[in-house]
Amino acid sequence: MKRRTFVRNAAVGALGISVQPSFAYGAGNTKTHIWDWMQHLKDLAQTKRRTQAQHDSASFLALVENLNQYFSARGYAPVAGAGFFFTGTVENTCFFPLQLRNARAGATDLLVPMLALNAAGKWHHALTLTGYQLEALHHAAQKIDTQSLNIADYLLPVSRQVSNQHTSPYFNTKMGTLCIETRLVGSQSKTKITVSAGNEIVLSDTFISKHCLTSSPKLTPLNKI
């Protein structure tokens, strides 16, 4: 009998996202702390935490409300007290965590929408990272950190690379492109991440994904900072 193999990508639907809760597909995985991966993303991006955008807060809040409504219908909700994480010298990009609670299992899964200011100075939804993609970024950062590179320029996605963003696993980065694909092979989830800069492959690695669930968030509410 052939082993089942399929690709998990996050880019389907009206907002360019598919929602695939990890506990529906996590056969053979062990519990890992995806909030550690979220913290790693914050560190990579050198974020500033705020309750709203400094630029065009009206369009920002309207966009966030639309995203929250979309994800709420799929079981995801904003993390209480998390706020928004802004990046860049002029804070023109932003991301924030959404969690999916499984009350019976007492566990959590994450999605991370990423927003950006367009040329007209209006906020738009650039992409959404899944838990598997967060894990892949964390894994890659550990692999290439010793190469004396500014790994944020190589690992932080800024947009989908291709026009067919509903199925593509490719992202643009500041230095090149990023490709993340997770396949279920038998009872194991295997994730491949390829980091490129121009025509050079900086990293290409496949690992057994441990992404499943985490028991509790590790973010400190804004009112406690």
Side-chain angles (χ1 to χ4, degrees), residues 8-11 15-17 32-50 53-55 60 63-64 67 79 82-98 110-119 122-163 165 168-182 191-207 209 211 218-219:
R8 294 179 195 163
N9 293 328
L15 292 174
I17 309 150
T32 55
H33 292 291
I34 52 179
W35 288 93
D36 290 342
W37 307 338
M38 177 70 191
Q39 180 66 49
H40 205 166
L41 178 62
K42 288 163 51 186
D43 293 343
L44 280 176
Q46 298 181 331
T47 59
K48 295 179 181 178
R49 229 168 131 190
R50 304 193 187 281
Q54 290 188 314
H55 307 287
F60 176 82
L63 177 58
V64 169
L67 286 170
V79 178
F84 303 99
F85 302 91
F86 291 89
T87 67
T89 55
V90 294
E91 299 186 20
N92 59 349
T93 58
C94 171
F95 58 86
F96 61 100
L98 297 170
L110 281 185
L111 288 178
V112 181
M114 304 188 77
L115 316 180
L117 280 171
N118 61 23
K122 299 294 182 182
W123 288 94
H124 71 283
H125 174 225
L127 55 98
T128 295
L129 294 175
T130 67
Y132 284 99
Q133 291 167 335
L134 282 175
E135 180 190 28
L137 293 177
H138 174 80
H139 178 85
Q142 292 179 311
K143 288 287 185 178
I144 68 175
D145 194 23
T146 59
Q147 298 182 22
S148 300
L149 301 175
N150 184 352
I151 56 177
D153 292 344
Y154 292 82
L155 292 183
L156 290 182
V158 295
S159 68
R160 292 280 169 184
Q161 181 197 19
V162 296
S163 58
Q165 63 177 347
S168 171
Y170 290 89
F171 303 90
N172 281 334
T173 64
K174 184 175 181 179
M175 296 299 295
T177 58
L178 182 69
C179 179
I180 303 173
E181 292 182 287
T182 299
T191 296
K192 179 178 181 180
I193 180 166
T194 303
V195 181
S196 301
N199 295 323
E200 177 187 1
I201 296 179
V202 178
L203 174 72
S204 182
D205 195 32
T206 300
F207 62 97
S209 177
H211 175 44
K218 293 186 176 182
L219 292 172

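Since the model is a prediction, treat every value here as computed from it, not as a measurement.
In this structure a side-chain-to-backbone donor-acceptor pair under 3.5 Å is missing from H138 to A140. Formation of a donor-acceptor pair under 3.5 Å by the W123 side chain with backbone atoms of T93 is not found in this model. H124 places a side-chain N or O within donor-acceptor distance of the main-chain N or O of A116, the cut-off being under 3.5 Å. Side chain of E91 to backbone of G88: no donor-acceptor contact under 3.5 angstrom is found.
Atom CE in M38 sits 7.5 Å away from atom CG in L110 (nearest 0.5 Å). Remark: D205 CG to T194 OG1 distance equals 9.0 Å, nearest 0.5 Å. Atom CD of residue E181 and atom OH of residue Y170 lie 6.5 Å apart, to the nearest 0.5 angstrom. For the atom pair CZ of F171 and CG of L129, the computed distance is 6.0 Å after rounding to the nearest 0.5 Å. Atom NE2 of residue H40 and atom CD1 of residue I151 lie 5.5 Å apart, to the nearest 0.5 angstrom. Separating the NZ atom in K192 from the CZ atom in F207 is a distance of 12.5 Å, to the nearest 0.5 Å.
Within the 6.0 Å centre-distance limit, the rings of F60 and F84 are counted as a close aromatic pair.
Counting heavy atoms from C-beta outward, L127 and P157 have side chains that approach closer than 4.5 Å. With a 4.5 Å cut-off on side-chain heavy atoms, L115 and L67 count as touching. Side-chain contact between F85 and C94 is absent, with no heavy atoms from C-beta onward closer than 4.5 Å. Residues F96 and P113 are in side-chain contact: their nearest non-hydrogen atoms beyond the backbone lie under 4.5 Å apart. Residues L111 and T130 form a side-chain contact, since some pair of their non-hydrogen atoms from C-beta on lies under 4.5 Å apart. Side-chain contact check for L117 versus H55: some heavy-atom pair is nearer than 4.5 Å. In this structure the side chain of L178 never reaches within 4.5 angstrom of the side chain of L156, judged on heavy atoms.
Listed here is the closest heavy atom pair of V195 and Y154: CG1-O, 3.5 Å. P97 and G83 make their closest contact through CD-O, 4.4 Å (heavy atoms, listed as atom of the first residue, atom of the second, distance). Taking all atoms of both residues into account, the shortest heavy-atom contact from V158 to A126 is O-CB, 3.8 Å.
Legend: residues meeting side-chain hydrogen bond (donor to acceptor under 3.5 Å, both in side chains) with S196, ordered by chain and number and at least two apart, are absent. Every residue meeting the side-chain hydrogen bond (donor to acceptor under 3.5 Å, both in side chains) condition with D43, not counting sequence neighbours, appears here in chain and number order: Q39.
In this model, no donor atom of one side chain and acceptor atom of the other lie less than 3.5 Å apart for E135 and T191.
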